[in-house]
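Indexing begins at 1, ligand by ligand and atom by atom, following the structure's order.
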Amino acid sequence: MSCDQVRALLRPRSIAVVGASRNPRKIGHRILANVLSSGFPRDCVFPVNPNAGEVLGLRCYPSVRDVPVPIDLAVIAVPAAVVPQVLEDCGARGVKAVAIISSGFKEVGNIEAERRLVEIARKYKFRILGPNIVGIWDTVARVNVSFIDVNPLPGGIALISQSGALIASLLWWTRERGIGFSSLVSIGNRADVSEADLLEFFREDPHTRVVAIYMEGLGEGEGRRFLEAAYETARVKPVVVLKAGRSPQAARAARSHTGSLAGSDEAYEAAFKQAGILRAQSLGELLNWSLALAMAKEPADGGVVVLTHGGGAGVIAADVLGRWGVKLMDIPPDLAERLRRYMPPFGSTLNPVDLTGMMTGEDLRGALLELLRDDRVGAVLVWAGQGAIPTPQELRMAIQGAVAEAGLGKPLVASITGGEECRSAIRELIEAGIPCYESPEDAASALAAICTYYRGRGKMRGELLHARGDEEVVREIISRAVREERALLTPIESFEVAKAYGVPVVEAGLAKDEEEAVKLARALGYPVALAVETPDVPHKTEVGGIILNLNSDSEVIDAFHRVLRNVKSKAPDARILGVSIRKMMPRGVEVFVGARRDPVFGPLVAFGWGGVAVELLRDVSFRLAPLSSGDVEEMISETKIGRLLRGYRGRPLDEGAVKQAIIAVASLMEEFSVIGEIDVNPMFVYEHGAAAVDVKVYLRARR
Ligand code: COA
C-alpha cells in the first residue's frame, strides 16, 4: 500500500460522510458532527444521504458520485447490505480511501460479503479500513472521523487497535492523564488495511514517536509481512504490542470477536522478539511504556540512577529494573560527594540514592540537577511520595525546575505516589514532557522498556542463514511418501532427509531380513539398536518396536523377530518395511530441535532440552524461519540447556553441531512446503560432534 493512500485515510484533505443521517441519535449523524467539531475545515466535508437535502447546515449529496470535489476519504455508516453499492460509487468517483464503520461482515460469519468489499476496492484501486470500526482520530489533521464524541490530546503515540470499544474508552482514560496521540486507528475486521500498512506509514511519520498496537490476531499467512514491517519500523522508532488471547479461552474469545485466526502464542512471541517489538502484558504497560518511549531520548552511556527519598520505593524500582536486566550504576565518588550536599548524614549515595524523609523540594531539585548534568549517568528514575515536607506541587516543581535548568538529554522517568493532589502533579509533568506515574513499579517498567528498546535497536538481525542441502535426496523421499499417501516418513527416510541438510544423525541402515540385519550390525560395529521400519507408528517404544544395546549376532536375530512380533500384535495395520539397524551412541547431553508450521507465521523452529521429559522441562526457545545468525545465538542462550552446552560447570560441548542442526531443520521447512513438522529428539551432543538418534518428519495433509 502506498503511504499516500494511508495518508488519505488518516490525514485526508476532504471527507465524504456516507449515511449522514438527519437523526442526531444515529451513528452517521454523529460522525458528521464529530468531523465538524474536531476542527476539520467545514468546506472540505461532504454529507451523503439520498434522503436528505441538508444535514447540520451542510448540503447533502444523494451519492458520492455527485460530490463536486475530489474526495480523499469516504467514511461509511450505512447498513451492511448497502455498503457494496456505496463502494461502487466511491470507486466511480475516484475516492482514495474508505473507512467502513458498518458491522455485519466477517465478525458475524458474513465472510463472502466482506470478500466482495475487498474485490470492489481492488477493482477501483482504493483501500478499505475496517469494516466494523469505531473510527479514526488524527491530531495532525485535527480530525475525529468516529461516532465517539471526544478528541485525543496531541502527542507522539500512534495507536492501532483491533478493538474499537477499547479505543473509545482509552480516549477518556488518556485525556484525563495528559497522554497524547498522533493518531488512533480502529482497524476492526482488517479486511484490507492491516497493521503492516499502518506501520509502514507511521515509520515515516515525523509526528509519531512510538507505535502502540492492541492485537488479537493476524490472518492466515499474514505473519511474515507484519514481522518485516514491524522490524523495519522498530529500527527507527519503538513498537509496543499488547497481544491478547494468550490462554486458550482468551484465544477463543478473540476469534469470535474479530474472526482472527489463532496462531500459536509461541509464534507471536518469536515474531515480536525477531522484529524488536516490546511485548506489553497489560493495557497499563502498553500505555505506560508508550508514554515514556514517546518522550524519552536515547539513554546515554552509563547506567541508571534511581533517586528517592525513601528506601522502599528505591528497592521496588531496583527490583523491576533488575528483572529486565537493567543495571544500576555505581555512583562515582565525586558525584556522591556532590549528592551529599542534598541529604542529611544518614542519607545514602549508594544507588538507589536516598535523600531521606528530611528531603526538601530544594534538595530534590539539587540532587536531580546533579544527575541530569553528569554525563556518566545514562538515565534517571526519580521517585517522590506525598509526605511530611514538600507538597505534591512542590515535588512537581522541583522535578520540573531541574529539567528546565539542565535540559533533557537523557531519559528521565518520574513517579509521584500519594493522593488526589499527586494526580494533578503527574498530569502537569506529563504535559511538560516528563513521563510520570503513580507507582514506582510503573515508572521502573517504563524506564526498563526504554533501556530495552535502545539496547536492542542497534542490533541488526544478522545475516539470514540457509543450509545448502541435497535437494534431490529429499525430493525423492518426499515424492515417494506423497505417492503412497503417507503422513509420516519412515525412520530411515527421516534420518536421510535430516542428514541431507546437515543434521548430524546416527549411522543407520535398512535390513529386510535377519541376514541383512546381522551384516549391517557387523558393519556398523556392536553395540547396535534395532527398530521397526514403518511409516505408520510414530512412537515405536509404545509398541515394542525398538530394542537397544544389542551386542552380538544372536541378539540381533532374536531382536529382529521379537520386534516384528510385537508390532504385528500391537499395531496390526502398520506397514512393515523391515528394520533399521543403528549404531548405539554413547549418551550425550540430550537436546531437541524441531519445527512446525504456524498458520499465521509459517515455519516455527524450536530448540530446547531434549529427551523423554521435553514436555515436563519446557526449556525451549522458538524463532520463525528464516533464521538469522542472531536468532540462532539467542535460541541457544535463552535456554538452560544452551547454557549447559556453553560449559556450565564443565567443558563446553559442540555448539556448532547444534547450530548446524537448527539451521538444517529451518531450511528444510522453508524449502519443502509439504513438510508439516520435524522432530529431532533426542540429539546427543558431545564435546566434538553430535548425533540425532530419533528423527520424525511429518508431511502436511494435501489441501
Ligand atoms: N447512501 C447514503 N446514505 C444512505 C444510503 C446510501 N446509499 N442509504 C440510506 N442512507 C441513509 C439513510 O437514509 C439514513 O439517513 P436518515 O436517518 O436521514 O434517513 C442513514 O443513511 C443511515 O441509514 P439507516 O438505515 O438508518 O442505518 P442506521 O443508522 O440505523 O445504521 C449503521 C447504520 C452503519 C450504524 C449500522 O448498520 C451498524 O453497522 N452499526 C454498528 C456500527 C458499529 O458498532 N461499528 C463497530 C464499532 S467497534
Side-chain angles (χ1 to χ4, degrees), residues 15-36 45-67 71 73-93 95 98-110 113-114 116-117 120 128-137 144-150 159-172 184-193 213-217 244 253-254 256-260:
I15 302 175
V17 181
V18 185
S21 169
R22 293 155 292 184
N23 179 346
R25 298 173 68 87
K26 288 203 175 174
I27 281 183
H29 183 97
R30 288 159 77 164
I31 294 171
L32 180 63
N34 290 337
V35 171
L36 293 174
V45 183
F46 302 90
V48 175
N49 182 347
N51 305 312
E54 196 185 285
V55 186
L56 288 168
L58 289 176
R59 177 178 163 198
C60 231
Y61 295 87
S63 154
V64 182
R65 293 176 196 254
D66 305 314
V67 176
I71 292 294
L73 169 66
V75 51
I76 300 182
V78 293
V82 189
V83 175
Q85 182 52 53
V86 172
L87 289 192
E88 290 283 351
D89 295 342
C90 289
R93 185 67 189 86
V95 167
V98 168
I100 305 177
I101 305 285
S102 318
S103 303
F105 295 93
K106 191 172 86 184
E107 81 286 0
V108 291
N110 287 338
E114 189 161 306
R116 174 99 188 90
L117 304 183
I120 301 172
I128 292 176
L129 181 71
N132 188 30
I133 63 167
V134 65
I136 306 162
W137 292 256
N144 170 356
V145 192
S146 83
F147 55 88
I148 310 294
D149 166 25
V150 58
L159 177 70
I160 304 167
S161 172
Q162 283 186 15
S163 161
L166 201 65
I167 290 202
S169 49
L170 285 182
L171 279 166
W172 302 98
L184 295 104
V185 190
S186 157
I187 57 174
N189 295 3
R190 314 162 65 262
D192 182 21
V193 171
I213 304 178
Y214 168 75
M215 174 190 284
E216 289 177 3
S256 67
H257 181 197
T258 44
S260 61

Which one of Pro50, Pro47, Ser163 has a non-hydrogen atom at the shortest distance from atom 1 (N) of ligand 1? Pro50
Should you measure from each heavy atom of Val78, which atoms of ligand 1 turn up under 4.0 Å away? 2 (C), 3 (N), 4 (C), 5 (C), 21 (O), 33 (C), 34 (C)
Could you check atom 11 (C) of ligand 1 against the protein and tell me its nearest heavy-atom contact, residue, atom and distance included? Asn49 OD1, 3.5 Å
Find all atoms of ligand 1 within a distance of less than 4.0 Å from any non-hydrogen atom belonging to Val18, and give their numbers and elements. 1 (N), 2 (C)
Tell me which protein heavy atom sits closest to atom 29 (O) of ligand 1, plus the residue, atom name and distance to 0.1 Å. Lys26 CD, 3.5 Å
Contact check, side chains of Trp172 and Val150, non-hydrogen atoms, under 4.5 Å: yes
How far apart are the C-alpha atoms of Ser146 and Asn144, what are their side-chain angles, what is the distance that settles it, and do they pass the side chain to side chain donor-acceptor pair (under 3.5 Å) test? CA-CA 6 Å; Ser146 83; Asn144 170 356; 2.6 Å; yes
Per the salt bridge (charged side-chain N to carboxylate O under 4.0 Å, His left out) rule, what does the pair list look like for residues 20-29, sequence neighbours excluded? none
Any idea which atoms of ligand 1 are less than 4.0 Å away from a heavy-atom of Ile27? 35 (C), 42 (C)
Using a 4.0 Å heavy-atom cut-off, say whether Val82 meets ligand 1 through its side chain, its backbone, both or neither. side chain
Beyond-backbone contact of Ile136 with Leu184, side-chain heavy atoms, under 4.5 angstrom: no
Under 3.5 Å: N/O of Ile101 near N/O of ligand 1: yes
Heavy atoms, side chains only, cut-off 4.5 Å: are Ile101 and Val134 in contact? no
Contact with ligand 1 for Ala77, non-hydrogen, under 4.0 angstrom: yes
the protein heavy atom lying closest to atom 23 (O) of ligand 1 turns out to be Pro79 CD, 3.9 Å
Taking all atoms of both residues into account, what is the closest heavy-atom pair of Gly19 and Val78, and its distance? CA-CG1, 3.6 Å
Are Ile128 and Ile100 side-chain neighbours, meaning at least one heavy-atom pair lies under 4.5 Å? yes
Student check: side-chain heavy atoms of Leu73 and Val98 closer than 4.5 Å: no
Quick one: nearest non-hydrogen protein atom to atom 46 (C) of ligand 1, plus distance? Asn132 OD1, 3.3 Å
Nearest-neighbour protein heavy atom for atom 21 (O) of ligand 1, which is reported as residue plus atom name and distance: Gly19 CA, 3.3 Å
For the residue pair Val17 and Phe46, establish whether any side-chain heavy-atom pair is separated by less than 4.5 Å. no
Is ligand 1 under 4.0 Å from a heavy atom in the side chain of Ile133, in the backbone, in both, or in neither? backbone
Assess Ala52 for proximity to ligand 1: is some non-hydrogen atom of it under 4.0 Å away? no
Should Arg30 and Ile148 count as side-chain neighbours, where that means a heavy-atom distance under 4.5 Å? no
Short version for Ser21: what comes under 4.0 Å of ligand 1, heavy atoms counted, is both
Ignoring hydrogens and angles, tell me if any N or O in the side chain of Gln85 forms a donor-acceptor pair with the backbone of Val83 under 3.5 Å. no
For ligand 1, the portion of Arg22 having any non-hydrogen atom under 4.0 Å away: both
Considering only non-hydrogen protein atoms, determine which one is nearest to atom 43 (C) of ligand 1 and report residue, atom name and distance to 0.1 Å. Ser103 OG, 3.3 Å
Distance filter under 4.0 Å to Ser102 heavy atoms, resulting ligand 1 atoms: 34 (C), 39 (O)
What residue and atom, counting heavy atoms only, is the protein's closest point to atom 13 (O) of ligand 1, and at what distance? Asn51 ND2, 2.7 Å
Does the protein place any heavy atom closer than 4.0 Å to atom 36 (C) of ligand 1? no
Hey, is atom 15 (O) of ligand 1 touched by any protein heavy atom at less than 4.0 Å? yes
Less than 4.5 Å apart, side chain to side chain, heavy atoms only: is that true for Leu58 and Leu36? yes
Any side-chain to backbone donor/acceptor pair from Glu114 onto Lys106? Under 3.5 Å, distance only. yes
